[in-house]
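This report concerns only the one structure given below.
So that the names make sense, note that chain A is the first sequence line, chain B the second, and so on, each numbered from 1.
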Protein chains: 2
Amino acid sequence: MSNLLTTSDEILASALTLIMSGGYNGFSYADIAGVVGIRKASIHHHFPSKVDLVRTLVKQYRKDAEVGVAALEQGVQDPLELLKAYAGHWARCIEDSSRPFCVCALLASELPALPPEIAEEVKAFFRFLSTWLTSVMDRGSREGALNLSSQPRVEAEAFMASVHGAMLSARAYGTPEVFPAILAPTLQRLSPTVAQ
Amino acid sequence: MSNLLTTSDEILASALTLIMSGGYNGFSYADIAGVVGIRKASIHHHFPSKVDLVRTLVKQYRKDAEVGVAALEQGVQDPLELLKAYAGHWARCIEDSSRPFCVCALLASELPALPPEIAEEVKAFFRFLSTWLTSVMDRGSREGALNLSSQPRVEAEAFMASVHGAMLSARAYGTPEVFPAILAPTLQRLSPTVAQ
DNA sequence: CCCTGTCTACCTTCTGGTAGGGAGGCTGTC
DNA sequence: GACAGCCTCCCTACCAGAAGGTAGACAGGG
């Protein structure tokens, strides 16, 4: 049953969980070893250094996000529904505590103290997310499916900031409901059907 | 010349700077000792443990914020101007790199891994900020000085989330201008003079 | 036979923290 | 005024444990 995942996948998965709770400096190889049920030295076989491990992790996290977004766009066309799906994804993650925080958002807060290779990957994630959201905003604006009050780029950045800030608040208050509560008015304002 | 600040103030100040860049686990007593020009052991005289130090720091940070907000409300009455002043404060801090991130926002992201005493102080900061912003939103709504589309409490949380998220983006992109760019449309939307 | 993956054992450096001593300043008492 | 005592602050020296990381051996499979 543990063969469904390779050891290195298990290492990455537990590192993800650990980073999500305490950031880059908040976990150690010993912590991972404890979770995976392996010795510290064995982790070095898969990832020679901590920087290797986290760089791989963030890179894969971004690729997963790219795949997820592509799949989402296959199933959903309406721009507003795309934004709702994105927000909804995080609402569920926060609700069931499975992935209560975006790893890249957390790492971004530690950026100045991060090894440069990792910092670069984190920045790339932000650029990707921003690019995607901008494209959604842009299309929504042209199609009349979104009610924008600024340029698509600015709306995209503002939306992303709301999502990240709402994650932070949900964590600070310890109440998951605060996340959708914060996002709801933002989504409603973007909706063309209730334009004032 | 170094007597303008007591040693313990210097310790707190350098700890503040260090936390702002790398979070709770991103600095050590040795780092502070290096900055202040004192030995590690001497820090323990002022703050017996790291938890003591950071708890004191966050508590003082909140009190400073309370004083700052009280002073601001003395000088500024208009709710919209209060929100602009708050955003402007952070815009300047980010611009000149003096305090490019809110310590409590950063610590909130690490909350699950923080010593409980510190976590409690961080939560108290969020409650304070939220209460103040809610009072501003509420008054603005009643006076017609703000154009709210949701309840004051929700608008306050959304505004706070925008500020925190915008801080994160400014850090991630490494471009300070992104902060005011994100906040501008939010402030404009709250403005009664341009209500649609 | 080699390659992969794990192990034990070990290293160095850093971590927060402690013990104890010395210099200097204040204060009370003779 | 002198001096003892104490208090504050900083020091050197040390500690145990945790950090990331290395070396080398062993087991099993292709």
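Side-chain proximity of Arg39(A) to dT6(C), dC10(D), dT8(C): nearest is dT8(C).
A sub-4.0 Å separation between OP1 or OP2 of dC7(C) and a side-chain N or O of Ser42(A) is present. Side-chain nitrogen and oxygen atoms of Thr7(A) include none within less than 4.0 Å of the OP1 or OP2 phosphate oxygen of dG5(C). Taking 4.0 angstrom as the limit, His45(B) places a side-chain polar atom (N or O) nearer than this to OP1 or OP2 of dC9(D).
Taking the six-membered ring for Trp and the full ring otherwise, the centers of His164(B) and Phe159(B) sit at least 6.0 Å from each other.
Val35(A) is not connected to Leu12(A) by any chain of hydrophobic side-chain contacts under 4.5 Å among Ile, Leu, Val, Met, Phe, Trp and Tyr, and they are in different clusters.
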side-chain hydrogen bond (donor to acceptor under 3.5 Å, both in side chains) evaluation trace for Asp52(A) with Ser49(A) = CA-CA 5 Å; Asp52(A) 288 313; Ser49(A) 76; 3.0 Å; yes

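A side-chain contact (heavy atoms from CB on, under 4.5 Å) with Val136(A) holds for exactly one of Asp78(A), Leu83(A), Leu80(A); it is Leu83(A).
Between Leu18(B) atom CG and dT15(C) atom P there is a gap of 11 Å when expressed in whole angstrom units. Atom CD1 of Ile43(B) is separated from atom C1' of dC11(D) by 13 Å (rounded to the nearest Å). For Ile32(B) and dC10(D), the CD1 to C1' distance is 16 Å, given to the nearest whole Å.
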When every nucleotide of nucleotides 17-30 of chain D is labelled 5' to 3' by its protein contacts under 4.0 Å (heavy atoms), B for base, S for sugar-phosphate only, - for none, what sequence of letters results?
-> --SBBBB-------

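Cation-pi contact between Lys50(B) and Tyr24(B): present, with separation from the ring centre below 6.0 Å and deviation from the ring axis of at most 45°.
Note: Glu117(A) CD to Lys59(A) NZ = 10.0 Å, rounded to the nearest 0.5 Å.
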